[in-house]
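All remarks here apply to the structure that follows.
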Amino acid sequence: MNSLGGKKQRTEHCDLKNKDMLFDTVKRCQAGDTAAMEHIYNAYKSSLFNLTYRFTRDFSLSEDLLQDIFLKIFTHIKKLRSPEAFNGWLYRIATNTCMSYARKKGKTKEVSLMELGDVDSPENNDNQVRMQLEQAMDALPPKQKIVFQLHDIQGFTNIEIADIMKCSEGTAKSQLFKARIKIRKFLGSK
């Protein structure tokens, strides 16, 4: 369970859970194999779309960002030196794309967690609390928001987040800590 009361949706991707299969698929992508590229797309599109949708709350814009992300991935995959680094590299591209969008727009939005199915929906869930949580997440700076989403919603470890964000593990922990404090403070004031 994550800190939001829902199931962690650890980013595991269909039959690419096997590291050897993932590495082989990445190597084939680097060689220009379009079937391998399609396999990567199908394996990652859902979790990357959820990430973009949480930033935009706009289905059409999220699809555009997703296309930008995959265009960057497949345009630059030959530059990836180690297939073992693929997951971190892919999420770094995705988060950088979302951060660029946030800088351009100046403000990001958070999608309803219920809409994405990240939170179980028993009858006793309080819609007001959920709305306040979304407002608290909306108020986070983009880097804290990304770290919070990667850790508490998608289930990445601090080490994985540090790799994705190209920062130290301590910085990732600090950003997560600050995000949680701000969310608690916001919710406590309501």
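Scope of the values below: all heavy atoms of this structure, side chains included, with no hydrogens, waters or symmetry mates. Residue indices begin at 1 and follow the sequence shown.
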Cut-off 3.5 Å, no hydrogens considered: what does the side-chain donor-acceptor table look like for residues 26-33, sequence neighbours left out?
{"unit_1": "Arg28", "atom_1": "NH1", "unit_2": "Asp33", "atom_2": "OD2", "d": "3.4"}
{"unit_1": "Gln30", "atom_1": "NE2", "unit_2": "Ile77", "atom_2": "O", "d": "3.0"}
{"unit_1": "Gln30", "atom_1": "NE2", "unit_2": "Leu80", "atom_2": "O", "d": "2.7"}
{"unit_1": "Asp33", "atom_1": "OD1", "unit_2": "Ala35", "atom_2": "N", "d": "2.9"}
{"unit_1": "Asp33", "atom_1": "OD1", "unit_2": "Ala36", "atom_2": "N", "d": "3.2"}

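Other members of the cluster containing Phe177 are Ile181, with ILVMFWY side chains joined at under 4.5 Å, either directly or via other members. Taking Ile, Leu, Val, Met, Phe, Trp and Tyr as members and joining any whose side-chain heavy atoms lie under 4.5 Å apart, directly or through other members, Leu71 forms no hydrophobic cluster with any other residue.
Pairs passing the salt bridge (Lys or Arg N to Asp or Glu O under 4.0 Å) check and including a residue from residues 164-177, sequence neighbours excluded, read Glu169-Lys173. Among residues at least two apart or in separate chains, there is no salt bridge (Lys or Arg N to Asp or Glu O under 4.0 Å) pair with a member in residues 62-77.
Qualifying side chain to side chain donor-acceptor pair (under 3.5 Å) partners for Lys143, counting only residues two or more places apart in sequence or in other chains: none. Under the side chain to side chain donor-acceptor pair (under 3.5 Å) criterion, Ser60 pairs with no residue at all, not counting sequence neighbours. Checked against side chain to side chain donor-acceptor pair (under 3.5 Å), Ser168 has the following partners two or more places apart in sequence or in another chain: Thr171. Remark: Phe74 engages Phe70 in a ring-ring contact (aromatic ring centres under 6.0 Å, His included) (not counting sequence neighbours). Under the side chain to side chain donor-acceptor pair (under 3.5 Å) criterion, Ser100 pairs with Arg103, sequence neighbours left out.
Ring geometry for Phe86 versus Trp89: interplanar angle of 30 to 60°, hence tilted.
Side-chain atoms of Asn42 come within 3.5 Å of backbone atoms of Glu38 as a donor-acceptor pair (strictly under, hydrogens ignored). Checking side-chain atoms of Ser62 against main-chain N and O of Asp58 turns up a donor-acceptor pair under 3.5 Å.
Side chain to side chain, Tyr44 and Asn87 meet the donor-acceptor criterion of an N or O pair below 3.5 Å.
Ile159 and Met165 fall into different hydrophobic clusters, defined by Ile, Leu, Val, Met, Phe, Trp and Tyr side-chain heavy atoms under 4.5 Å apart, directly or through other members.
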